[in-house]
There are 2 protein chains.
Amino acid sequence: MSRGFGRSAGAPTLEDVARAAGVSRATVSRVVNGVRNVDPVIQDAVRRAVAATGYAPNRAARSLVTRRAETIALVVSGADDDSPSASTAFAGRTVTDPFFGRVVTGVVQFLRPRSMHPVLMFAESPADRDHVVSYLRQGSADGALVVSNHADDPLPAQLAAAGLPAVVFARPALPVPLSCVDLDHREGARLAAEHLLALGRARPVTITGPTALPAVQERLGGFRDTMARHGVTAVPVAEGGFSQESGEAAMARLLARHPDLDAVFAANDVMAQGACHVLRDRGRRIPEDVAVIGFDDGPVAASCRPALTTVRQPVEDMAAEMARLLQGHIEHPDRPATTVVFAPRLVLRESA
Amino acid sequence: MSRGFGRSAGAPTLEDVARAAGVSRATVSRVVNGVRNVDPVIQDAVRRAVAATGYAPNRAARSLVTRRAETIALVVSGADDDSPSASTAFAGRTVTDPFFGRVVTGVVQFLRPRSMHPVLMFAESPADRDHVVSYLRQGSADGALVVSNHADDPLPAQLAAAGLPAVVFARPALPVPLSCVDLDHREGARLAAEHLLALGRARPVTITGPTALPAVQERLGGFRDTMARHGVTAVPVAEGGFSQESGEAAMARLLARHPDLDAVFAANDVMAQGACHVLRDRGRRIPEDVAVIGFDDGPVAASCRPALTTVRQPVEDMAAEMARLLQGHIEHPDRPATTVVFAPRLVLRESA
DNA sequence: GGATAGCCGGAGAGCGCTCTCCCATTCTCC
DNA sequence: GGAGAATGGGAGAGCGCTCTCCGGCTATCC
């Protein structure tokens, strides 16, 4: 931390290091960035000068000329605009949701070795979305990773229209010329259905998420189709909102209409957990009386009782892939958008 | 999005706007930043030109001259250096931990109205910490918010030594000249103890976190002292590691040694939940046979069964206060470090 | 009416860096 | 040994912005 040189009061600059090493600014820059060959002797002198002055390259100055922020935005987006309370409900749900943590983990996994760090942004209103767009247009970040919880989130389209590099998690409702990562939801649902069938369950019900989401549709379709293929033609459905309470409510409705149900497939773990609570309160044993399968395999799945049998979504890998795709789009602006689909896996625990 | 002007291929610059509006660069800058009086007529022309060109000020250029990044770093820090597996264990634990989400929520609450966004960083190794320090020294962020999960995390001291603005969550083990926010842990433990005493419990046990943490010490001390003051002199203790498994293991040990226990005070909700599982597995009813009190009041507390009675830590408020303090330090570098202590609150649910 | 103050716009100097030229030196090969 | 190629360092022009200074203008006051 010894300064000594930088008589210019502030932090030492390239100029200071150059003077200390007795070379030009350009040479120091070359050594610092490891570009072009530089005489080992001079390299050494420069490195010593860097250490002596405690030099740290100024990021703003570098960005100004390279036109790269070396930063990406991680945008959590999509609360309903016209619902006044949506804003807080959403923030509460998603940021505290372990799903969010898993996304962060995956993104950081990819970014860290590259010494990059995500900027966290939340887009819940039209103003927020404009802000995200202008943030990128200002060059504060080179691209965006978007996680919407709303099927018709307009942000991806805005980003695409502005020609900004972006990758989205889960295919948006209306096609957008952006790369995205997604899960094979139909396959996940098929896995769940076949497991329940193998268990001999013949009166399954399902708790879906908001049916506007394509992913929700696919899970439902996959489940129904598989069941139908095995002769189970009618699968009662209740729609939930991904929250535990909504799962409880949905379960209660299903139980009232179909007291003889023997299996539940919920569109996420949290609702599955809610369903378990209700089932237990009504004296049903899990999995003996009712088998329950969730979706996601978030941290709750393993820690709740009974531990949840669930369809694992490799969120961390998917998030890391988003980052990788984004990097590709940033470095090669003309690269066409692609969709990477991940395979789900059934994780067997206690509930089914 | 109509461009039209910027013949300079890239994004429109101040220069482009100035030309379009028929004024000087300085005037455009003044209008954009709302500094000094500018003739309303000219202001209007400038605004029109801004809209017409689709101008967005370049952040790097601005930062270069203002010496402000208008960005702060949110650093999650503290895995044990010498334990090879600590890195992943930590990342998994903390990022997925709802606690982290609550911190983010609080920080964003403060930052958002100011159009700022946190950069997420993880510091688990000495190299990571050096990286955080140099990131700040590069001017990539104006200051850091540090959340350590390790009592003797060296990062705060490094930051302080480098003279960088930083605020830490929870007082570090060894005093560091940085502002911090903390909870009155003794008071929280007292609240829990008195509630158990009021319930008529006389054979309480407690599951602590890693005893190296000052907060853990205070919770334990506060619990013991309050109990002692009411005649309960011996409180069996088992140390946990804040994870559910560690809570389960601790509970099992306590149960083996003190089968007649009638109350458990756990140092966090997750361990309390683990304790509940073990107690139930051993046939103990909660709260009839054993009353359980957790700490934190994270999202799990309300959603697990039985819903947890717990000591609420206002994490969001604390995190927002961190951001506020940091802003103060950034704007007034000479402001002395302060500690803001928050009051806990007992939240009554089913478990006690 | 002239001197002084106040207001507002423009000119221009950088902020710290990268990167393209350019030039000096050494190497290579006939 | 001399022409050509390669190698490695320096000079200097900006990147897009802010901000100080300056100058021209109008308002104010004796």
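A, B, ... follow the sequence lines: proteins, then strands. Residue 1 opens every chain. Being a predicted model, the structure only gives us computed values, none of them experimental.
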Exercise for review: Provide the full list of side-chain hydrogen bond (donor to acceptor under 3.5 Å, both in side chains) pairs with a residue in residues 27-42 of chain B, sequence neighbours left out, each pair given once.
Suggested key: B:S24-B:T27, B:S29-B:N33, B:N33-B:R62

**Study point:** Any B:D142 side-chain heavy atom under 4.5 Å of B:P165 side chain
**Key:** no

Practice item. Would you kindly say whether A:D153 and A:S77 are connected by a side-chain donor-acceptor distance under 3.5 Å? Key: yes

Review point. Using rotation axes that map the C1' atoms of four end pairs onto the next four (five pairs an end), what angle separates the end axes of the helix from C:dG1-D:dC30 to C:dC30-D:dG1, to 10°?
Key: 30°

Exercise for review: Can you label the angle between the A:Y135 ring and the B:H117 ring as parallel, tilted or perpendicular, going by 30° and 60°?
Suggested key: perpendicular

Exercise for review: Grab the two heavy atoms, one from A:G54 and one from B:R137, that are nearest each other, plus how far apart they are.
Suggested key: O-NH2, 2.5 Å

Revision key, fill the gap. From CZ of A:R30 across to P of D:dA11 the rounded distance in Å is 11 Å

Review point. Base, sugar-phosphate, or nothing for B:V23, non-hydrogen atoms under 4.0 angstrom?
Key: sugar-phosphate

**Study point:** 5' priority, DNA chain C, between A:R59 and B:I42 [closest heavy atom]
**Key:** B:I42

Practice item. Looking at every strand, decide which applies to B:V38 at a 4.0 Å heavy-atom threshold: base, sugar-phosphate, or nothing. Key: sugar-phosphate

Check your understanding: What are the 5'-most and 3'-most nucleotides of DNA chain C lying under 4.0 Å from any heavy atom of chain A?
Key -> C:dG16 to C:dC21

Point to revise | Residue whose nearest DNA chain C nucleotide is more 5′ - B:G22 or B:R25 | key: B:G22

Check your understanding: Using a distance-only test with no angle check, is there a side-chain donor-acceptor pair under 3.5 angstrom linking A:D317 and A:Q109?
Key -> no

Check your understanding: Are any non-hydrogen side-chain atoms of A:V146 and A:M322 less than 4.5 angstrom apart?
Key -> no

Practice item. May I ask you to check whether A:Q158 and A:D130 show a side-chain donor-acceptor distance below 3.5 Å? Key: yes

